[in-house]
Amino acid sequence: MARTLTLTPISFTLAKTLNPIFPFHNTLPFSSSILSRQKLTRRSLSRSVLRPTAGEFSGSVDDDEESGELDDLDLVALEQEAKDAVEAYSSSLSQILSIEDEEKSDRKESAQSRRKSPRRTKIIPDNLLPRVAIVGRPNVGKSALFNRLVGGNRAIVVDEPGVTRDRLYGRSYWGEHEFMVVDTGGVITVSKSQATVMEELAITTTIGMDGIPLAVREAAVARMPSMIERQATAAVEESSVIIFLVDGQAGLTAADEEIADWLRKNYSDKYVILAVNKCESPRKRIMQASEFWSLGFEPLPISAISGTGTGELLDLVCSGLQKIEESNNLVEEDYVPAISIVGRPNVGKSSILNALVGEDRTIVSPISGTTRDAIDTEFTGPDGQKFQLIDTAGIRKRTAIASAGSTTEALSVNRAFRAIRRSDVVALVIEAMACITEQDYKIAERIEKEGKGCVIVVNKWDTIPNKNQQTASYYEQDVREKLRSLVWAPIVYSTAVAGHSVDKIIVAAIEVEKERSRRLGTSILNQVVQEAVGFKPPPRTRGGKRGRVYYCTQAAIRPPTFVFFVNDAKLFPETYRRYMEKQLRTDAGFSGTPIRLLWRSRRKMGKDEGMYL
């Protein structure tokens, strides 16, 4: 009678963590020379999946009663069990790393947005979609309307002026129309005094400005309003429809009149819609809107928070848009890797983004916290591959954010962490002259925990004095010692302001993404594991027991995840798991990406239940 194999319910043992905050740490540090991609040695391997015996994988011939138990492995069942184990692990890890920033409402609104949006097998590239800009003075509800139109909480909405500074883009659908909505910062008119402008934009001259000379500090603060206005102007110039948003509760102001004059004089060829926001009351909304007839546009009362009047607003928007007909410009929907740029404040993240895209996409200033939202930008690499670049706010310590009492900064940091989660490769930017801090280490650990590929970018490399051929080697050694959780990540040295070596960031990210998406053949994988076990067998316990590896498979990519089926996961100590990961990297590569090792134990069953795995 043929022997049968029965698999146990999903249960797997995870490695201990070096970080007490996160208990799921499976990619462990080791010393290596990983900057150059290592190639797997060619072997004359059979195309069929190896079915090694327990004796072969354990490196010993004792315990003969178990040596023939796996001659008839049900590989289909093993592969399915491995996938289930990875799914269960990923679900547990997501709960551990959950970000408490309106995630439930985001998922709900995103699901509603997906239900409203037409299902397409082909998509229109962002650069071909018509654009709709939202402009107005500060604190009239532009970001709230942006979130309403694109679905979800993409833009930060706080009841204080000057929160939005850069252009923020999002796709929106209405009927058969598809277009890009552009959120902008508040437009400050020249009639305002400098002190009033600073007060209205809530720009501080002290927080985060330590170490910056007073003259430079004052000059940067003075340039901020004009830089925000330039971003808004760029959004208006590239848009075919402009939503001019005013505040119905505050009433008509001099700033509204000046913006209306500016639009009439400079953009008379564009379709301008005057939307009067904050008109929630059915009785007062007509009266609130009537005050704005003097601006020379027909006012439309709406409420971005409740959604009142937004349907009529979208009808007007679509009437001013040219419908994009399906043509050869449409492309098949394909996987577009996302690269997020993260780091502490003032390390040059926005400068790197601007240097990559070749334009002033985001505001660059020595003022700490200049970037608030996570800014998404399409980018095409040197080989024609498309990427989504994500610029993020600087991440400070939680204690520093709490002591500052800034709700805006707390939301900005949460957006940065969420950008890491939705990215494929993370460019961790550190400043060359600044020492690597505990905050850099925590960000690095977060990247590794999320399972993201990583490129370490040492920016402002030109500020290092008296550089020689050994400077980079010494610096790399210091980075490896202090960022042990990212010891597998390549390092790029750049000067973003001058545009030096920023292209190497994309080249390195492309290689990391390829490694992160690579799947190792099961036969090759099992031979690598077999050689590793043969070279260094698992240690024996005091009772004489020794761990045995029966089978190994790569159950997932992004990041590469390997499931080891063993006799008892407890017989494989932490040191041996590190050794196995090191051997996988040495023989198979996977530079620039974390790899996860999950260990599945088998259980012994009664004679009436058949054999055991």
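Predicted model, so just to flag it, every value in this text is computed and none were measured.
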Would you say the side-chain atoms of [X] and [Y] include a donor-acceptor pair closer than 3.5 Å?
X	Y	result
Ser340	Ser423	yes
Ser517	Glu513	yes
Arg167	Tyr169	yes
Gln470	Tyr475	no
Gln80	Asp84	yes
Ser351	Asn354	no

Can you check whether [Y]'s main-chain N or O pairs, donor with acceptor, with [X]'s side chain at less than 3.5 Å?
X	Y	value
Arg480	Val487	yes
Thr561	Pro559	yes
Lys452	Arg421	yes
Glu431	Met433	no

To the nearest 0.5 Å, what is the distance between CG (Leu486) and CG (Leu428)?
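Answer rounded to 0.5 Å: 6.5 Å.
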Could you walk me through whether Thr553 and Glu79 satisfy the side-chain hydrogen bond (donor to acceptor under 3.5 Å, both in side chains) test, starting with their C-alpha distance in whole Å, then the side-chain angles of each, then the deciding distance to 0.1 Å, before giving a yes or no?
CA-CA 7 Å; Thr553 182; Glu79 295 288 347; 2.8 Å; yes
Quick one: do Ile510 and Phe387 satisfy side chain to side chain contact (heavy atoms under 4.5 Å, CB included)? Show the steps, please.
CA-CA 9 Å; Ile510 292 174; Phe387 293 92; 3.2 Å; yes
Could you check whether the rings of Tyr493 and Trp461 sit parallel, tilted or perpendicular, using 30° and 60° as the cut-offs?
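If you compare the ring of Tyr493 with that of Trp461, the planes turn out tilted.
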Under the criterion side chain to side chain contact (heavy atoms under 4.5 Å, CB included), which of Asn567, Asp568, Val566 is the partner of Lys570?
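Of the listed residues Asn567, Asp568, Val566, the side chain to side chain contact (heavy atoms under 4.5 Å, CB included) partner of Lys570 is Asp568.
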Any ion pair linking [Y] and [X] (charged N to carboxylate O, less than 4.0 Å)?
X	Y	result
Lys449	Glu445	no
Glu515	Arg518	yes
Asp424	Arg516	yes
Asp376	Arg422	yes

Side chain to side chain contact (heavy atoms under 4.5 Å, CB included) between Lys397 and Glu438: does it pass, once the steps are laid out?
CA-CA 9 Å; Lys397 292 183 179 179; Glu438 182 184 359; 4.1 Å; yes
Check Tyr551, Phe590, Trp599 against Phe562 for a ring-ring contact (aromatic ring centres under 6.0 Å, His included) and give me the one that passes.
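Of the listed residues Tyr551, Phe590, Trp599, the ring-ring contact (aromatic ring centres under 6.0 Å, His included) partner of Phe562 is Phe590.
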Please name the pair of heavy atoms, one in Cys454 and one in Val425, separated by the smallest distance, quoted to 0.1 Å.
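Result for this residue pair: N-CG1, 4.3 Å.
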Can you tell if the side chain of Pro560 reaches within under 4.5 Å of the side chain of Thr593, non-hydrogen atoms only?
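Answer yes - side chains close enough.
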Any side-chain heavy atom of Ser591 sitting closer than 4.5 Å to one from Pro490?
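Side-chain contact under 4.5 Å: no.
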